[in-house]
Amino acid sequence: MSGRDRQIAAAAAICLLGFYLLTFSGRFHSSDGLSMYTAADSLVRYGRLDTEQIRWMGLQQGTFGPDGRLYSRKGAATTFLAVPLVWLGLTLPDIGPVHTALLLAPLLTALAGLYLSLTVRRAFSGMALPTPLTPLAVTLIWGLGSMAWPYTKTFFSEPLVALTLIAATYHLVSFRDTLATRQAVGVGAWLGLGLLARAANAIIVPLYGLALLWYLALDHGLPWNRLATWRARSRQHEVWQPVLAFVAPVILAGLLVLLYNAMRFGNPFESGYLESEQFSAFWPQGILGELLSPGRGLLWYTPWLLALIPAVPRAWQRDRALTALALGTALIYVLFYGKWYMWHGGFAWGPRFLVPILPLLALLAAPLFARRRTGPGAPDWRRWAPAGFILLGLLGLAINLIGVAWDFMPHQNALDAAGFKLFDPATFFNPRWAQIPGVLALGSATTLDAVWVIDGRVAGRMLLIAGVLALIGVVVLLLTLRWRTGPWVRGGLGLMAVGVWLMLGDARAFERPVYHEIVDRLESSTLPDAIIWHDDLVNTPVLLNLYRGRLPILGLNVTGATFNDQATARAVRASGSVPRPVWLISDGPDRLHNALDGELLESKYLVLDETVDTLRLALYYDGSNWSDVTPATIDLAPSGSKPLIRVDSYRYTPSAERGGVVAVALDWEGLRPIGEDYQVFVHLVPVQAPDERVGQQDGAPFLGLRPTSTWQVGEVIHDRHAILVPAQAPPGAYQLRVGLYRLSDLARLATSTGGDAIEIGPIEIR
């Protein structure tokens with residue numbers, strides 16, 4: 001294969017990538033993807049594999065390990081390949097880890113396009129293909145005229161599995177031509193990666209092994225009339241060396257799968273899948289549904305598969321093993337997933353599980369372009385077959401543009417609203433409820449599914465950048481076709497990298513403003529041992545994309561004063577019992593009617609409780625670095641009256657970092673009946689400028705749970721207060737000024753030490 005072929009294949013991949021970036025959505029379309037991403041996020045931030053950030057998802061996509069943490073039950077490969085992208089998103093300025101990780105599917109699919117182009121050129125090199133147009137046509141029709149394009153907008157594992165299959169096929173064909181051991185290693189390595197992406201891919205490994213043995217047999221004079229020669233060469237390692245080179249990476253991948261299982265679930269043979277997730281579908285229904293049903297039939301989403309009818313015989317003439325491999329892999333996938341209880345792929349565009357076989361089937365269409373000498377009696381279809389394939393490819397482009405432009409979820413929601421149970425067979429087999437026309441009917445200019453559409457508004461700069469990225473891809477391809485040499489590929493990639501950085505920066509800046517404000521508060525705090533509790537489920541990806549810190553995040557599903565389930569209650573109590581501060585981000589009720597606050601009010605100090613747009617941001621603090629208890633007999637009384645309340649003792653935190661917390665614990669005692677409610681005020685002031693408040697907290701005693709009108713004479717009330725020190729506060733000596741005032745007229749109670757406040761300190765702010 002020439003360098004020219006490689007240049008064109010790379011240019012085709014860049015062209016595809018440009019279109020994929022134009023339609024980049026920057027969000028998750030399924031809980032599968034969010035689960036795999038969260039595991040990668042945990043690895044980068046915390047060095048762990050759990051998905052506690054989405055603990056609210058529970059058994060929907062995760063399984064609890066022996067340590068009580070939630071783990072994704074999906075394959076390892078997608079998660080681990082996303083790790084470098086997550087790291088970049090957390091390290092580079094302006095961009096976010098979620099958006100950066102979601103680039104994985106476009107990159108993998110473009111790389112699959114490169115391998116498809118190279119495989120077409122090498123696999124059918126003996127045929128009179130009009131180079132370089134045939135590999136280019138096959139690659140573009142697959143990359144833009146099939147489900148490959150819509151799946152670049154997701155975080156499913158299908159794009160990765162598709163890449164592993166076509167890359168393994170490329171190395172297999174290279175092995176056919178060279179019998180090089182390194183090519184056998186390539187076949188096994190790519191299949192091993194596919195095995196790590198989805199353990200079920202083990203079912204197609206034997207097919208590739210048989211094809212490799214077939215090519216070995218052809219080279220050594222088989223079939224069967226030269227068995228002695230085969231044995232002789234086997235003893236010289238000419239046979240077994242490539243076989244072992246193929247098998248070794250697959251075995252290694254299998255061991256890594258077992259290790260990954262053990263790390264998550266404590267048992268190498270425990271995959272985490274539930275008992276309900278099994279091969280229980282009615283097999284004929286599943287097979288028919290995958291291939292022909294109006295709702296999810298592969299043929300409706302990829303009409304150019306019809307061109308394989310005349311193409312397969314010609315491919316068979318060129319290479320029987322390769323043709324059998326492609327068709328056999330497709331058949332195994334159809335049979336295997338046709339029996340799976342969710343054969344349709346769940347929340348997805350088309351038959352999701354069949355996406356990986358499309359590059360192999362596109363490969364078989366290449367012989368349609370081969371020039372053949374035909375006599376007067378030759379059938380007309382041989383001349384028109386290439387044009388037919390291209391026309392069907394354009395039809396596939398039009399169909400899949402529907403899935404590219406709009407999300408499939410509104411259509412699914414419409415089915416639910418129509419009264420269908422989730423994934424009712426009628427929604428797949430009744431044309432009235434078919435997905436393609438349904439998504440098209442619900443689509444509009446305001447519901448486009450792209451990163452440059454924000455709440456129905458088009459972000460002009462982002463759209464411009466995305467359009468330039470697509471244009472760069474097209475220009476790189478045209479320049480590469482026109483001139484044999486030049487820096488087009490490297491230059492195009494460099495320009496794309498800059499454009500992607502700008503686009504992702506804009507996308508992050510346009511995330512919900514309320515989360516920008518909340519994240520700024522979190523990142524300005526200096527509480528390194530804090531934890532974040534978050535129950536705004538829909539916006540979990542927004543928080544993960546904006547927050548760059550390393551504080552653990554516990555995602556919870558809590559909607560009221562009681563917990564929705566016992567698993568959540570146990571997790572909250574286990575987390576809340578640890579002596580560390582807790583940030584609470586909630587879209588639920590106020591603190592007196594919220595189960596999360598209820599767990600914290602009894603044991604922690606409420607530092608702040610603010611409403612930011614539609615969310616509550618609260619901070620609860622565990623006192624640390626306490627001073628000794630200071631006995632005190634300080635009376636407080638209304639003006640001209642007898643003492644009403646006494647401070648028996650107090651303790652406080654004598655030092656704190658800027659962005660940290662200062663706290664005070666007070667023991668109040670009612671000296672006589674109190675007929676009205678008084679508020680406690682706590683002010684943090686510089687010693688040298690006591691009239692300048694740096695921070696304050698006001699409220700009824702004990703977080704509002706013990707108003708002074710409820711105190712009994714002689715009863716001691718244990719009260720606590722805390723203040724978040726502003727990050728911009730000057731370092732130096734401070735003190736707390738504590739007192740009581742009447743809510744009706746704001747009149748303060750006088751103290752027996754003089755003045756209207758008790759001075760507690762000094763406190764060093766560093």
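Computed over heavy atoms, backbone and side chain alike; hydrogens, waters and symmetry mates excluded.
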pair T480-R4: side-chain heavy atoms closer than 4.5 Å: yes

Heavy atoms of other groups near F510 CZ, more than 12 under 6.0 Å: no

Given 3.5 Å as the limit, does a donor-acceptor pair link the side chain of S117 with the main chain of G113, or not? no

Distance, nearest 0.5 Å, that separates CD1 of I553 from OH of Y46: 4.0 Å

Apply side-chain contact (heavy atoms from CB on, under 4.5 Å) to the pair T447 and L442, showing each step before the final yes or no. CA-CA 9 Å; T447 58; L442 294 172; over 6 Å; no

How many angstroms lie between atom OG1 of T139 and atom OH of Y115, to the nearest 0.5 angstrom? 13.5 Å

Given side chains that start at C-beta, do those of R512 and D613 come closer than 4.5 Å, heavy atoms only? yes

Is the shortest heavy-atom distance from the side chain of W349 to the side chain of V439 under 4.5 Å? yes

Please report the shortest heavy-atom distance between W300 and I436, naming the atom on each side. O-CD1, 3.9 Å

Going by the angle between their ring planes, with limits at 30° and 60°, are F80 and Y260 parallel, tilted or perpendicular? perpendicular

Around atom CD of E523, are there more than 12 heavy atoms of other residues, nucleotides or ligands at under 6.0 Å? yes

Heavy-atom side-chain contact between L543 and Y515 under 4.5 Å: yes

Under the side-chain contact (heavy atoms from CB on, under 4.5 Å) rule, what do T164 and N201 come out as? Steps first, then yes or no, please. CA-CA 10 Å; T164 63; N201 286 314; 5.5 Å; no

Heavy-atom distance under 4.5 Å between the side chains of M462 and I454, does that happen here? yes

Which salt bridge (charged side-chain N to carboxylate O under 4.0 Å, His left out) pairs, counting each pair once, include a residue from residues 30-44, with sequence neighbours left out? D32-K74, D32-R352, D41-R45

Under the 3.5 angstrom rule, does the side chain of H516 hit a backbone N or O of A509 as a donor-acceptor pair? yes

Check whether W304 reaches the backbone of G145 with its side chain - one donor and one acceptor, N or O, closer than 3.5 Å. yes

Plane angle bin for Y20 and W149 - parallel if under 30°, tilted between 30 and 60°, otherwise perpendicular: tilted

Donor-acceptor pair, distance only, cut-off 3.5 Å: does the side chain of T109 make one with the backbone of P106? no

Inspect the contact between R27 and D449 and indicate whether a charged nitrogen and a carboxylate oxygen are less than 4.0 angstrom apart. yes

At their closest point, which heavy atom of P97 faces which heavy atom of V86, and how far apart are they? CB-O, 3.8 Å

Would a line drawn from the ring center of Y337 to the ring center of Y333 be shorter than 6.0 Å? yes

Evaluation steps, side-chain hydrogen bond (donor to acceptor under 3.5 Å, both in side chains), between S157 and R198: CA-CA 8 Å; S157 61; R198 183 175 290 164; 2.9 Å; yes

From L291 CG over to L299 CG, what is the distance, rounded to the nearest 0.5 angstrom? 8.5 Å

Passes side-chain contact (heavy atoms from CB on, under 4.5 Å), L88 versus T91? Steps please. CA-CA 5 Å; L88 282 175; T91 303; 5.6 Å; no

If every non-hydrogen atom of S146 is compared with every non-hydrogen atom of T302, which pair is closest and at what distance? CB-CG2, 4.1 Å

So L360 and L327, do their side chains get closer than 4.5 Å, heavy atoms only? no

Contact between K153 and L102 at the side-chain level, heavy atoms closer than 4.5 Å - yes or no? no

Determine whether V474 and F19 satisfy the following criterion, side-chain contact (heavy atoms from CB on, under 4.5 Å), listing intermediate values before the conclusion. CA-CA 9 Å; V474 173; F19 283 105; 3.9 Å; yes

Hey, are the side chains of L502 and D506 touching, using non-hydrogen atoms and a 4.5 Å cut-off? no

To check you understand the geometry: which heavy-atom pair defines the closest contact between D5 and L118, and what is its length? O-CD2, 4.1 Å

Qualifying residues under ring pair (Phe, Tyr, Trp, His ring centres under 6.0 Å), relative to Y208, sequence neighbours excluded: none

Is the backbone of Y170 close enough, under 3.5 Å, to the side chain of Q183 for a donor and an acceptor to pair up by distance? no

So CG of L160 and CG of L111: to nearest 0.5 Å the spacing works out to 10.0 Å

I'd like to know if the side chain of S42 pairs up with that of Q53 as donor and acceptor (distance under 3.5 Å, no hydrogens or angles considered). yes

Under a 3.5 Å distance rule, please check whether N400 uses its side chain to pair with a backbone N or O of G396 as donor and acceptor. yes

Whether the side chain of Q435 engages the backbone of G350 through a donor-acceptor N/O pair (distance < 3.5 Å, no angle test) should be reported. yes

Check whether R296 reaches the backbone of H344 with its side chain - one donor and one acceptor, N or O, closer than 3.5 Å. yes

What distance do L477 atom CG and W488 atom CH2 have between them, rounded to the nearest 0.5 Å? 13.0 Å

State, to 0.1 Å, how close P367 and F124 come at their nearest heavy-atom pair, and which atoms those are. CG-CE2, 3.6 Å

Do the side-chain N and O atoms of S35 and S72 include a donor-acceptor pair separated by under 3.5 angstrom? yes

Measure the spacing between CG of L448 and CH2 of W406 and express it to the nearest 0.5 Å. 6.5 Å

Counting N and O atoms only, with roles assigned by atom type, does the side chain of T323 sit under 3.5 Å from a partner on the main chain of A315, one being a donor and the other an acceptor? yes

Smallest separation among heavy atoms of R508 and L546, with atom names: NH2-O, 2.5 Å

Can any side-chain N or O of W501 pair as donor or acceptor with the backbone N or O of P93 at less than 3.5 Å? yes

Just wondering, are more than 12 heavy atoms of other shown residues or ligands nearer than 6.0 Å to CZ in R182? no

Starting from the C-alpha separation in whole Å, work towards a yes-or-no answer on salt bridge (charged side-chain N to carboxylate O under 4.0 Å, His left out) for R176 and D319. CA-CA 10 Å; R176 177 198 69 184; D319 191 324; 2.5 Å; yes

Mind checking side-chain hydrogen bond (donor to acceptor under 3.5 Å, both in side chains) for S524 and listing every partner two or more places apart, or none if nothing turns up? none

